[in-house]
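Reading through the structure tokens given below for one structure.
We use all heavy atoms of the structure for the numbers below, so side chains are in, but hydrogens, waters and symmetry mates are not.
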Amino acid sequence: MAGNTSSPGASVASRLLAVVGAFDERHRSLTLSELADRSGLPVATAHRLAAELVAGSALHRRGDGRYEVGRLLWKAGLLAPVEGRLRQVAEPFLHDVYAATLATVHLAIRDGEEVLYLVRTMGRASVPIVSTVGSRLPMHCTGVGKVLLAHAPADVQEAVFASMTRVTPYTVIQPSVLTAQLERVRREAVATTVEEMSLGACSLAVPVVRHSDDTVVAAIAVVVATLKRDRRRLHGALQVAARGIGRSL
């Protein structure tokens, strides 16, 4: 359940937010009963509020009756100051990386103890991956995640270390091994994963450093079938892009 707003004292605004908050990367479309369950509202209330949100284009009701995020919310999300500005600045550089490598290219930021993917550029020949724009994935087993975790506050690192799970047989979940990897990321400004998040997919990631204050604000990565060849070329393309994004910010 995404939230519990079934108490009589809940305001209309809190109930509307509960309906909107019922959607996430794993729940992109919901039936009315699912929407009511995840928002913590009675079905009749969820139906009434959803109808009002559909009328205002905040939600969209499909022909099969399922609800999705509507155009109004989508456009509003693009105005978020960090994500919107970062995407706007980064996308031309990411297209350059894709053109040079033909690999899947990611831009991501840290969102609490997870990675939030802002941009994914890929072609028909790209390696199959699980990430999508707007999705959140673990930090300990993704290339961008390791970059961001290496520069995260100590309390975030401790929380991630305490909750690591094995996603594939190759996922690193030993604290001592991950600690050594993060130290190397800070020292060399590059992170790699080999089939830790998805079988058949390896990633190479670098930090995006904002030049005005030397803060790591994001990470960019390429995802390929293997890092045994063209690693230097992939790394070089990412470095050029990361420096360009950092200067533009």
Does some side-chain heavy atom of [Y] sit less than 4.5 Å from a side-chain heavy atom of [X]?
| X | Y | answer |
| --- | --- | --- |
| Val217 | Ile109 | no |
| Ile220 | Phe93 | no |
| Thr121 | Val119 | yes |
| Val105 | Arg120 | no |
| Phe23 | Arg28 | no |
| Leu182 | Leu178 | yes |
| Arg15 | Ser39 | no |
| Val222 | Leu238 | yes |

Exercise: identify the closest heavy-atom pair between [X] and [Y]:
| X | Y | result |
| --- | --- | --- |
| Ala108 | Val115 | CB-CG1, 3.4 Å |
| Gly112 | Arg110 | O-NH1, 2.9 Å |
| Val147 | Ala191 | CG2-CB, 3.6 Å |
| Val167 | Cys141 | CG2-SG, 3.8 Å |

Give a yes or no on whether [X] and [Y] share a hydrophobic cluster (residues Ile, Leu, Val, Met, Phe, Trp, Tyr; joining criterion: side-chain heavy atoms under 4.5 Å apart).
| X | Y | result |
| --- | --- | --- |
| Leu102 | Leu227 | yes |
| Tyr98 | Val240 | no |
| Leu17 | Leu41 | no |
| Val185 | Val160 | no |
| Leu49 | Leu72 | no |

> Between Lys146 and Glu196, is there a salt bridge with N-O shorter than 4.0 Å?
Replying inline: yes
Distance check, rounded to the nearest 0.5 Å: [X] atom [atom1] versus [Y] atom [atom2]?
| X | Y | atom1 | atom2 | value |
| --- | --- | --- | --- | --- |
| Arg243 | Ser248 | CZ | OG | 13.0 Å |
| Leu204 | Asp230 | CG | CG | 11.5 Å |
| Arg38 | His27 | CZ | NE2 | 4.0 Å |
| Leu59 | Leu53 | CG | CG | 4.5 Å |
| Arg61 | Glu68 | CZ | CD | 12.0 Å |
| Leu94 | Arg87 | CG | CZ | 10.0 Å |

Could you check whether atom [atom1] of [X] has more than 12 heavy atoms from other residues, nucleotides or ligands sitting under 6.0 Å from it?
| X | atom1 | value |
| --- | --- | --- |
| Arg232 | CZ | no |
| Arg184 | CZ | no |
| Arg71 | CZ | no |
| Arg229 | CZ | no |

>> If you apply the rule salt bridge (charged side-chain N to carboxylate O under 4.0 Å, His left out), what do you find for Arg187 with Glu183, and how did you get there?
In response: CA-CA 6 Å; Arg187 183 174 65 252; Glu183 290 175 352; 5.6 Å; no
> Is the distance between the ring centroids of Tyr67 and His60 under 6.0 Å?
Replying inline: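 When the ring centroids of Tyr67 and His60 are compared, they turn out to be at least 6.0 Å apart.
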> Taking atom types as modelled, is there a side-chain donor on Ser11 or Ser14 under 3.5 Å from an acceptor on the other?
Replying inline: yes
>> Applying side chain to side chain contact (heavy atoms under 4.5 Å, CB included) to Ile245 and Leu86, what does each step give before you reach the verdict?
In response: CA-CA 8 Å; Ile245 297 169; Leu86 182 57; 4.2 Å; yes
> Between Val89 and Arg85, is a side chain to side chain contact (heavy atoms under 4.5 Å, CB included) present by the stated rule, with each step listed?
Replying inline: CA-CA 6 Å; Val89 167; Arg85 172 63 177 161; 3.4 Å; yes
> Between Asp24 and Arg136, is a side chain to side chain contact (heavy atoms under 4.5 Å, CB included) present by the stated rule, with each step listed?
Replying inline: CA-CA 9 Å; Asp24 60 26; Arg136 291 171 173 81; 5.6 Å; no
>> Between Thr179 and Phe161, is the side chain to side chain contact (heavy atoms under 4.5 Å, CB included) condition met? List the steps.
In response: CA-CA 9 Å; Thr179 296; Phe161 273 60; 3.2 Å; yes
